Amino acid sequence: MIRIQHTYAKLDTLHTTLLLQLKDLPEIIYYGERLRDAEDYSYFGSGTDGAPLSSADDVCSNACVLSSSGDGSNRETMLHIVAADGSGTLRPVLFDAKVQKGKPLFQSSLPSSYGESESLILCYKDSIGLEIIQYFTVFKDSDVIATSVRLRNTGEKSVHIRRCMSLQLDLGKGDWEAVTLDGASQRERCPHRTLLRGGSLSAASFAGLSSNAHNPYVIARNRSNRGGCIACNLVWSGNHRQIFDLSPLSGLRLLSGINDYLFNYKLDPSETFEAPEAVFVRGEEETEVCEQMRAFAAEHIVRGEWKKKVRPILINSWEGFLFSFDQKKLMEFCRRAAQVGIELFVLDDGWFGKRDDDTCSLGDWKVNRQKMGGTLREFADKVRKSGLMFGIWMEPEMISKDSDLFRAHPEYVLSVPQKETMEIRHQRVLDLTNPKVRQYMIEAISSVVEESGASYLKWDCNRGIFDLPGAEELFYRYTLGLYEVLDTITKKYPKLLIESCASGGNRYDLGMLCFTPQIWASDNTDARSRLAIQEGTLYGYPQSSMGAHVGASPNPHTFNSSSPDTRFSVASAGAFGYECDITALSEEMLETVRAQVVFYKQWREVMQFGRYYRTDSVFDGEASGWIFVSEDKSRAVAVVALPEKGCSAIPFRARFQGLDPNALYEVSSRPQKGAVPVFFKAYGDALCHGNIRLGNLFTESEMHEYSNQVVTRMFTFTRIG
């Protein structure tokens with residue numbers, strides 16, 4: 001997979017080659033479709049090939065994988081290091097290049113990808129005694145390449161790291177477009193396209209979370225006739241920054257890593273600093289790199305008991321009751337859920353301390369016996385006797401001022417002396433840089449899991465970090481502390497399914513996916529909103545990781561009302577469940593839910609782990625649509641969603657993707673109230689390339705009864721010949 005010959009390092013993936021020329025600063029001389037081995041690659045050229053440069057501002061224009069301040073480039077650089085004498089010029093020189101089987105392990109608690117692989121190790125040194133070690137790992141079964149950087153101080157004086165990005169790719173000239181996943185709470189990860197015309201574009205987070213504003217997953221798309229797309233992501237859950245820097249002389253530089261906002265890490269003699277791992281992939285089309293990244297996350301990031309295990313259908317108490325419940329209400333809730341075939345009950349906020357609202361008790365993870373009618377174990381056992389698995393909500397990183405924990409240990413809180421500590425949602429942040437706090441957190445989570453026998457843990461985080469003691473290293477060390485706790489808990493309880501949540505989708509990233517195989521995509525469960533949120537999420541993350549639930553109607557966030565079938569079709573695109581008061585549903589509605597659950601169980605392996613294809617985009621046209629196809633292409637499930645009714649228009653027609661062109665399929669629509677059934681047989685080539693008549697998807701009852709005009713139809717495909 002990796003070959004060093006003469007002055008070249010050739011990194012081969014399944015279908016691509018990254019070719020480096022090993023100079024003092026290695027240069028990218030080729031990145032594209034896989035090349036056969038050769039003795040000489042000098043015909044690619046490097047640098048400026050001796051051409052004189054008229055600009056005094058960009059005298060270094062070589063396509064490199066590493067750069068530093070003071071290197072002669074008028075561009076954003078990968079490293080900013082300040083030496084003990086205050087100087088900021090770094091001139092690293094490559095002194096060793098070697099190949100090793102497998103990939104290096106981090107010494108810290110940083111998570112990373114895994115799998116059968118081979119790594120290129122590039123070692124540089126600067127005269128101040130700073131050693132830079134850069135890793136590139138290729139995997140046997142993927143086109144994705146992982147890279148990371150470590151800095152070791154071999155000198156006699158401390159240095160300060162002001163910036164250490166994990167990835168640099170100099171991609172050259174072209175008609176470049178940046179694709180970023182941006183948004184806010186309840187409208188997370190919507191793709192935006194920015195045509196690059198010069199200067200820098202940054203996607204970054206600043207509040208200690210990977211953020212709902214700008215996800216660390218980005219794409220650089222070359223729209224010129226030479227084309228190609230590069231997608232990259234970061235295995236990191238804290239502040240991040242992705243930079244698209246377009247030089248008129250040298251073309252596009254793509255950087256990804258920790259955000260250097262307030263970052264000033266002191267590296268003492270003999271110490272090592274580790275930057276998080278970045279992953280990147282090249283393909284000819286945007287859909288290709290997205291597919292590669294989803295597959296890589298599913299195979300090389302998600303791990304453990306739940307890696308390829310179907311996710312249980314859950315129902316959560318939050319939208320049904322908020323804080324207002326008791327044992328009687330909850331047990332009736334569970335009884336109804338079990339009757340319709342739901343598999344997992346999740347007890348959300350309100351079960352502990354004096355928690356009847358959000359003003360108190362975070363940190364006091366002891367059951368409210370009066371509210372729950374006994375111990376946590378007794379209640380959980382009753383849930384299991386009703387036929388459901390038991391799951392529970394915690395917000396382990398937070399603390400209320402009105403709590404026994406705060407009264408006993410005010411020093412556990414992130415705070416700045418003589419400054420008023422910021423409260424958001426009546427809560428403060430625990431200091432995970434403190435080993436005593438981490439130990440408390442591990443003990444608190446362990447106590448709840450063991451006492452309840454929980455099968456599932458919803459790990460919430462509802463605010464960012466804005467009290468900044470020791471700010472220069474705080475964000476980095478906080479995230480390492482979080483990973484240490486998560487690593488301990490997942491190893492201690494390997495069968496526990498943990499779903500990460502951060503005010504909905506505020507921490508949806510590869511770092512969390514290393515520990516939590518599910519992430520709640522958004523608190524917004526409205527079907528119309530979710531079409532956009534889920535499509536954006538599936539640009540880079542597998543559908544099995546995406547928490548998606550049927551919410552109440554009208555929706556508590558948008559106040560839109562949607563039909564039960566529409567809400568089900570949209571939510572079935574992810575790890576599926578319900579967010580509503582099931583005890584308030586009519587018998588007719590309960591029967592509808594039962595039919596949904598039966599259908600989902602029949603097809604969930606395909607929907608959770610099949611290959612995902614986007615057939616229509618909610619951002620581009622009149623429809624939204626997707627299809628999940630099993631690996632052997634024998635079964636598939638598709639959804640067509642129309643956001644509004646077109647008057648005086650021919651009914652919408654669809655085409656599908658990913659099916660075997662030579663196979664004969666039986667196609668049928670899932671039964672829906674008021675909808676004309678669709679049933680026919682067709683070969684895969686016709687289904688993939690033709691425009692298939694589906695009839696009028698709108699029904700009069702839906703148009704009159706529900707304010708949200710979104711309508712959906714779900715289709716199944718079964719190979720019969």
Side-chain angles (χ1 to χ4, degrees), residues 184-186 205-213 237-239 316-319 321-324 346-368 371 392-417 419-434 436-445 447-448 457-469 471 474-475 477-479 481-482 485-486 498-507 512 516 519-520 522-523:
S185 176
Q186 301 185 44
S205 65
F206 298 86
L209 308 172
S210 53
S211 98
N212 51 34
S237 306
N239 289 350
N316 187 293
S317 67
W318 179 248
E319 285 192 10
F321 299 121
L322 300 181
F323 298 101
S324 301
V346 179
L347 177 62
D348 210 283
D349 199 356
W351 60 268
F352 55 94
K354 299 178 293 180
R355 189 77 165 173
D356 293 323
D357 55 39
D358 65 358
T359 63
C360 69
S361 299
L362 287 174
D364 298 342
W365 301 108
K366 300 294 183 182
V367 69
N368 183 325
K371 198 172 188 179
I392 197 163
W393 175 96
M394 295 183 74
E395 193 170 2
E397 299 163 68
M398 302 300 156
I399 183 173
S400 303
K401 186 177 181 181
D402 181 8
S403 67
D404 293 340
L405 179 64
F406 182 82
R407 286 183 279 272
H409 294 287
E411 75 279 7
Y412 280 9
V413 175
L414 274 175
S415 60
V416 178
K419 302 275 187 184
E420 184 177 353
T421 302
M422 180 176 287
E423 286 198 355
I424 301 175
R425 294 173 57 130
H426 307 288
Q427 60 192 53
R428 304 179 180 193
V429 183
L430 289 170
D431 183 3
L432 285 185
T433 69
N434 183 340
K436 291 182 179 179
V437 173
R438 296 197 296 273
Q439 186 57 39
Y440 147 76
M441 191 180 296
I442 290 167
E443 290 173 359
I445 296 168
S447 176
V448 170
L457 173 65
K458 182 179 179 181
W459 182 304
D460 212 343
C461 174
N462 280 308
R463 58 158 292 178
I465 299 171
F466 300 103
D467 298 284
L468 309 175
L474 173 66
F475 291 116
R477 293 191 180 279
Y478 182 95
T479 308
L482 171 66
V485 174
L486 282 164
I498 305 178
E499 180 164 355
S500 171
C501 176
S503 290
N506 208 14
R507 198 156 62 184
M512 292 305 292
T516 67
I519 300 178
W520 183 228
S522 177
D523 281 342

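In this text the structure is predicted, and so the values were computed from the model without any measurement.
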Set of side chain to side chain donor-acceptor pair (under 3.5 Å) partners for Thr359, sequence neighbours left out | Asp357

Residues two or more places apart in sequence or in another chain: which of them pass side chain to side chain donor-acceptor pair (under 3.5 Å) with Asn368?
-> none

Under 4.5 Å between any side-chain heavy atoms of Ser317 and Val346, yes or no?
-> no

For the side chain of Asp402 and the backbone of Ser361, is there at least one donor-acceptor N/O pair under 3.5 Å apart?
-> no

Partner residues of Trp393 under the ring-ring contact (aromatic ring centres under 6.0 Å, His included) criterion, sequence neighbours left out = none

Phe466 to Ala207 - nearest heavy-atom pair and separation = CZ-CB, 3.6 Å

Do Asp460 and Met398 have side-chain heavy atoms sitting under 4.5 Å apart?
-> no

Only counting residues at least two apart or in another chain, list the ones meeting ring-ring contact (aromatic ring centres under 6.0 Å, His included) with Tyr440.
-> none

For Asp364, all residues meeting salt bridge (Lys or Arg N to Asp or Glu O under 4.0 Å), sequence neighbours excluded = none

Quick one: salt bridge (charged side-chain N to carboxylate O under 4.0 Å, His left out) pairs with a partner in residues 423-433, sequence neighbours left out?
-> Glu423-Arg428

Listed partners of Lys401 passing salt bridge (Lys or Arg N to Asp or Glu O under 4.0 Å), at least two apart = none

Can you see which heavy atom on Ser205 is nearest to which on Asn239, and at what distance?
-> OG-CA, 3.2 Å

Could you tell me which residues satisfy salt bridge (Lys or Arg N to Asp or Glu O under 4.0 Å) with Lys366, sequence neighbours excluded, listed by chain and number?
-> none

Pairwise distance CZ(Phe321) to CG(Asp348) - rounded to 0.5 angstrom = 12.0 Å

For Ser503, the side chain to side chain donor-acceptor pair (under 3.5 Å) test, sequence neighbours excluded, returns Asn462

Would you say Leu432 and Arg438 make side-chain contact, with heavy atoms under 4.5 Å?
-> yes

Over all heavy atoms of both residues, which pair between Phe475 and Thr479 is shortest? Give the atoms and the distance, please.
-> O-OG1, 2.9 Å

For Ser237, all residues meeting side chain to side chain donor-acceptor pair (under 3.5 Å), sequence neighbours excluded = Tyr483, Asp509

Partners meeting side-chain contact (heavy atoms from CB on, under 4.5 Å) with Asp467 (sequence neighbours left out) = Thr421, Met422, Arg463

Flag the pair Ser400 / Phe406 as yes when at least one side-chain heavy-atom distance between them is below 4.5 Å, and no otherwise.
-> no

Can you check whether Leu362 reaches Ser403 side chain to side chain, under 4.5 Å on heavy atoms?
-> no

CG/Leu457 to CD1/Ile392 distance, rounded to the nearest 0.5 angstrom?
-> 8.0 Å

Applying side chain to side chain contact (heavy atoms under 4.5 Å, CB included) between Trp459 and each of Leu482, Thr516, Ile519, report the one that passes.
-> Leu482

Do Met441 and Tyr412 come close enough that some side-chain heavy atom pair is under 4.5 Å?
-> no

Intermediate values then yes/no, side chain to side chain contact (heavy atoms under 4.5 Å, CB included), Lys436 and His409 = CA-CA 10 Å; Lys436 291 182 179 179; His409 294 287; over 6 Å; no

Heavy atoms of Pro410 and Arg407 approach each other most closely as CD-O, 4.0 Å

Taking side chain as C-beta onward, heavy atoms only, is Val448 less than 4.5 Å from Phe352?
-> no

Could you tell me whether a side-chain N or O of Ser447 sits under 3.5 Å from a main-chain N or O of Glu443, the two making a donor and an acceptor?
-> no

Once you round to the nearest 0.5 Å, how far does CG of Leu486 lie from OG of Ser500?
-> 8.0 Å

So, does Arg507 use its side chain to make a donor-acceptor pair with the main chain of Ser210 at under 3.5 Å?
-> no

Considering residues at least two apart in sequence or located in another chain, which fulfil the salt bridge (Lys or Arg N to Asp or Glu O under 4.0 Å) criterion with Glu499?
-> none

Would you please indicate if the ring centroids of Phe323 and Trp351 are separated by under 6.0 Å?
-> no

Answer yes or no: is there a donor N or O on one side and an acceptor on the other, between the side chain of Lys371 and the main chain of Arg355, under 3.5 Å?
-> yes

